[in-house]
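Beneath this line is the structure, given in structure tokens, with notes to follow.
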Amino acid sequence: METRSGFAVIIGRPNVGKSTLMNHLIGQKIAITSNKPQTTRNRIRCVFTDERGQIIFLDTPGVQKARNKLGKYMERVTKSSIAGVDVILYLVEPSPYIGEGEKAIIRELSNQSAPVILVINKVDTISHDDVLPVIEAYRGLYDFAEIVPASALRGAGCDDLMDTVFKYLPYGPLYFDPDTITDQPERAICAEIVREKALHALSDEVPHGIAVMIDRMKLRQGDSPIYDIDATIVCERDSHKGIIIGKGGAMIRKIGTNARYEIEKLLDERVNLKLWVKVKKDWRNSDALIKNYGYREDDEEMM
Ligand code: GDP
Ligand code: MG
């Protein structure tokens, strides 16, 4: 069966049940749940893999800190979280009264193109008849791809939700090796950092077609230890490759510099990061697993 693979983000106001939902959805199959604070800072939270494919859940850092100026804050957090993801899970309380915090999130949602699944959480706290008015209230504000009532705490609706997430992910190979990733969360996080920096630096024409592979990650011991990291940015078109490289290599250097800075913070070591760009037409539809895209003779070294 052809797998689906992609990035999902869970957003929503503090206390709506994002963490509870994440834990429930992932169950025992946690590949990455580092308890390192850096993991959260860098937004990767966990990877779910089964025969349907792979969902990489991204965290929304700092949402808990929202106190003042909630609306503005939510806009900012939402904006930075949803850039470049394949699907957005938006959790809300099961109430038809929609406050300013929610409206700020919804405003931000309307600026991007990924499908939004509205999750009306905590339905265990209301009666069955009260669910419909909540659905109606939200439906009036935004064109949600799906609306799923759920109880993250009790697990109600969670299987449906997982099916729904997969439905909106593109067909394609797994981003992360389901086996080796467990003991190497840093690798996945580094890949995600490079991807994030690329998304930031590139214009809208490229991002959805890129993936990042860490080909090598090795600590050179010695008086001044340094990590050698080789990463490949896989894109779909020659024109995209040109954009990613940029004039005289300026773009790829910028991505590399920004990524290296953050990876050094993460690993607390110096980092020698080499980025490569590779065109793999329709890689999302190819049978080959993305993890197999290693370095080959015809690759160009970019920095
Ligand atoms: P977050 O801030 O969005 O990550 O919210 P949490 O996952 O930390 O949940 C906040 C509180 O809501 C916790 O006390 C959870 O137990 C509770 N909670 C989360 N989901 C549900 C649910 O489906 N039903 C009920 N009754 N409580 C829930
Ligand atoms: Mg939380």
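Side chains are part of it too, since the values below use all heavy atoms of this structure and drop only hydrogens, waters and symmetry mates. One-based numbering along the sequence shown. In each ligand, atom 1 is the first atom listed, and ligand 1 is the first ligand listed.
The number of heavy atoms from other shown groups lying within 6.0 Å of CG (D159) does not exceed 12.
Annotation: A152 places an N or O atom under 3.5 Å from an N or O atom of ligand 1; distance criterion only. Among the atoms of N121, some N or O lies under 3.5 angstrom from an N or O of ligand 1. At a 3.5 angstrom cut-off on N or O pairs, L21 does not count as close to ligand 1.
Side-chain contact of Y90 with E102: a donor-acceptor pair under 3.5 Å is present, judged by distance alone. Donor-acceptor pairing under 3.5 Å is recorded for the side chains of R270 and S224.
Closest heavy-atom approach to atom 12 (O) of ligand 1 among the candidates R13, K122, E93: K122.
Only the side chain of D124 comes within contact range of ligand 1, with a heavy atom under 4.0 Å; no backbone atom does. Residue contacts with ligand 1 for L153 involve both N, CA, C or O and side-chain atoms from C-beta outward (heavy atoms, distance under 4.0 Å). Of all the heavy atoms of N15, the ones lying under 4.0 Å from any atom of ligand 1 are found in both the backbone and the side chain.
A salt bridge links K167 with E146: at least one charged nitrogen is closer than 4.0 Å to a carboxylate oxygen. A salt bridge links R107 with E100; the closest basic N to acidic carboxylate O contact falls under 4.0 Å.
Interface atoms of ligand 1 facing K18, defined by a heavy-atom separation under 4.0 Å, are 1 (P), 2 (O), 3 (O), 4 (O), 5 (O), 7 (O). Close approach of ligand 1 to T125 (heavy-atom distance below 4.0 Å) involves ligand atoms 26 (N).
In plain terms, the two heavy atoms of P115 and D86 that are nearest each other are CD-O, 3.2 Å.
The side-chain tip of R260 does not point at the ring of Y227 from less than 6.0 angstrom away and within 45° of straight on.
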